[in-house]
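Each remark here refers to the structure printed beneath this line.
Here the structure is a predicted model, which is why all the values come from computation and not from measurement.
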Amino acid sequence: MTKLLPVDPAEVRARSVVRFAEIPVNAYQLDLGTEMAMYGAEGLFGVLYDMIVIREFESMLEAVTTTGEWQGVAYDHPGPEHLCLGQEAAVVGQALELGPDDLVFGSHRSHGEVIAKSFSALRVLGQAKAAEVLQGFADGELAAPGEALGYETPEELAENCVLFGLLAECFGRRAGFNHGLAGSLRAHFPPFGSMPNNATVGAAAPLALGAALYKRINHQPGIVVANLGDAALSCGPVWEAIGMASMDQYRTLWPASAGGNPPLLVTLFDNFYAMSSQTAGETTGFDVLARVGAGVGPEAMHAERVDGFNPLAVANALRRKRELLESGEGPVLLDIVTYRYSGHQATDSGAYRTPEEVAAWEAVDPIGAYGELMIHNAITTQAAIDEVRGKVQDRLRRILARAADPEACPRVDAAFVESVTFAHEHVETFDVLRKAEMTQPLNDNARIKAIGAKVRKARDDADQPVSKLKAYQLRDGLFEAVAHRFSLDPTLAAWGQDARDAGGPFAVYRGLTELVGYPRLFNAPVAEAAIVGAGVGY
């Protein structure tokens with residue numbers, strides 16, 4: 001209860017100063033021996049491989065969208081496609097330190113995020129488990145095309161499924177990850193921890209907060225990542241989510257067994273442009289996005305700016321921040337410097353920036369630079385890199401041909417859309433193995449007893465109106481329903497303004513504090529977007 005947190009006037013009126021934690025900027029220094037010991041030559045080459053796959057996938061989509069053809073395969077696809085050309089190192093470096101239990105909520109520039117996260121999950125799960133997941137997904141709708149496309153190894157088969165599922169989704173096809181109903185902007189694959197992406201700028205933050213709350217409240221493994229662009233930091237829901245993730249009550253009121261703050265990592269892929277406007281220098285007042293962490297808690301959100309053109313620098317930062325998140329010391333903010341070569345979408349000419357600026361970034365291209373590092377240290381050769389790129393292009397050509405074929409890969413019909421619009425299911429609980437934790441038996445609760453004594457009809461036996469003091473009221477029905485669900489479902493949690501202690505508006509929740517402890521019931525800040533968005537994410 002907040003009565004446990006008295007506000008001492010002598011303390012809060014005392015003279016002092018606020019000091020801010022330092023925020024590192026591009027602090028990573030390469031030690032290839034350490035990286036080799038951690039990932040091995042195969043793992044380090046895998047980083048390059050994933051970046052090449054994403055670059056070729058996006059280049060293919062750009063060509064199809066702007067010219068209607070790629071590698072001899074014609075397809076009229078008007079888009080829009082929001083591409084991450086140039087940002088490959090940032091997403092691959094991030095995924096290198098994420099497993100299937102870690103969840104990533106992305107923005108609409110997320111094809112690379114989906115591929116990187118899925119490929120990372122494939123490696124962690126191993127051949128057998130990955131095959132089981134892919135074959136069981138949507139009654140084999142991903143596995144069948146993956147096999148039909150041809151493959152030399154089980155790993156290639158799994159990658160076929162991922163790449164085909166994503167491209168078919170971009171094209172609105174039934175065999176896509178989400179049956180063509182999510183499209184390019186919202187494509188996702190939950191079995192591998194790739195959660196719904198979002199075209200609404202900043203919306204990933206409250207959704208990821210809710211998922212992080214679910215993990216913390218229900219003791220689930222893994223962390224949750226909200227991937228945002230630099231423009232999202234101007235959005236209210238992002239600030240609301242950060243504020244709610246940083247609440248003191250996780251450490252002051254919640255039991256230590258809850259684990260501390262929700263494991264939320266807010267990642268800003270800082271490519272310096274919000275559509276056509278620049279963030280730093282034009283539409284914001286901070287030159288380094290990471291500095292905003294100084295406004296949130298004494299630890300400044302453990303904020304850091306990272307060179308996103310170096311995948312190993314990103315992976316190093318993820319590894320260090322993950323330890324903080326798992327120990328309940330979040331949330332964490334990472335400002336990852338990157339750059340997009342293409343416009344806001346494939347048909348954007350990019351007239352708002354100079355060719356010289358784009359060329360300067362292309363001169364330090366992350367794939368080229370990382371490839372040179374691998375060659376210089378005898379991990380691979382240019383011939384091997386060229387061979388990989390050729391094989392990836394050949395595979396993508398076959399995937400494109402199948403995804404663009406209306407007979408081999410049809411769209412959904414109205415009957416299918418109707419069949420998945422409503423679940424028509426009753427879910428008693430999302431965890432059948434646990435019992436709901438209550439601070440007292442339901443029937444011992446004073447409010448439950450008081451409601452039980454009320455008259456549940458409008459007129460008494462003498463046909464006289466029942467007194468309002470004795471009559472069962474709407475708020476009583478709401479309380480009974482909420483309390484009943486709390487007693488049945490151990491995963492149920494509730495938060496909102498004045499939900500605890502004060503009893504909520506119209507005293508609907510009066511008595512719930514005595515019935516349900518932290519963290520299943522708690523007060524949220526006055527942040528409606530975060531309250532509702534976190535509910536959806538939860």
**Request:** Not counting sequence neighbours, which residues clear side-chain hydrogen bond (donor to acceptor under 3.5 Å, both in side chains) with Asn310? List them please.
**Result:** none

**Prompt:** Is Arg109 close enough and on-axis enough to Phe269, meaning under 6.0 Å and within 45°, for cation-pi?
**Reply:** no

**Asked** Between Asn218 and Tyr538, do the side chains contain an N or O donor and an N or O acceptor separated by less than 3.5 Å?
**Response** yes

**Message:** Is a donor from one side chain sitting under 3.5 angstrom from an acceptor on the other, for His111 and Glu58?
**Reply:** yes

**Request:** Say whether Tyr339 and Glu357, considering side chains only, have a donor N or O and an acceptor N or O under 3.5 Å apart.
**Result:** yes

**Asked** Would Glu156 and Asn160 count as having a side-chain donor-acceptor pair, cut-off 3.5 Å?
**Response** no

**Asked** Is a salt bridge present between Asp394 and Arg397, judged by a nitrogen-to-oxygen distance below 4.0 Å?
**Response** yes

**Request:** Please check if any side-chain donor atom of Tyr49 sits under 3.5 Å from a side-chain acceptor atom of Glu159, or the reverse.
**Result:** yes

**Message:** Is it the case that the side chain of Ser327 and the backbone of Leu324 share a donor-acceptor pair, with hydrogens and angles ignored and the cut-off at 3.5 Å?
**Reply:** yes

**Asked** With the threshold set at 4.0 Å, does a side-chain nitrogen-carboxylate oxygen contact exist between Asp270 and Arg305?
**Response** yes

**Complete:** Of all heavy-atom pairs linking Ala290 and Ile23, the shortest is O-CD1, 3.3 Å

**Asked** Do Tyr273 and His344 have ring centres separated by under 6.0 Å?
**Response** no

**Gln393 and its side chain to side chain contact (heavy atoms under 4.5 Å, CB included) partner, picked from Lys391, Arg395, Arg389** = Arg389

**Asked** Would Trp361 and Phe309 count as a close aromatic pair, with their ring centres under 6.0 Å?
**Response** yes

**Prompt:** Are the charged groups of Glu169 and Arg173 less than 4.0 angstrom apart, N to O?
**Reply:** no

**Prompt:** Are Phe177 and His188 close enough that their ring centers fall under 6.0 Å?
**Reply:** no

**Request:** Apply the salt bridge (charged side-chain N to carboxylate O under 4.0 Å, His left out) test between Asp102 and each candidate in Lys215, Arg322, Lys117; give the one that qualifies.
**Result:** Arg322

**Prompt:** With no hydrogens and no angle check, do the side chains of Gln87 and Asn271 hold a donor and an acceptor under 3.5 Å apart?
**Reply:** yes

**Request:** Report yes if the distance between the aromatic ring centroids of Phe171 and Tyr75 is under 6.0 Å, otherwise no.
**Result:** yes

**Message:** With no hydrogens and no angle check, just 3.5 Å: does a side-chain donor-acceptor pair link Gln127 and Glu155?
**Reply:** yes

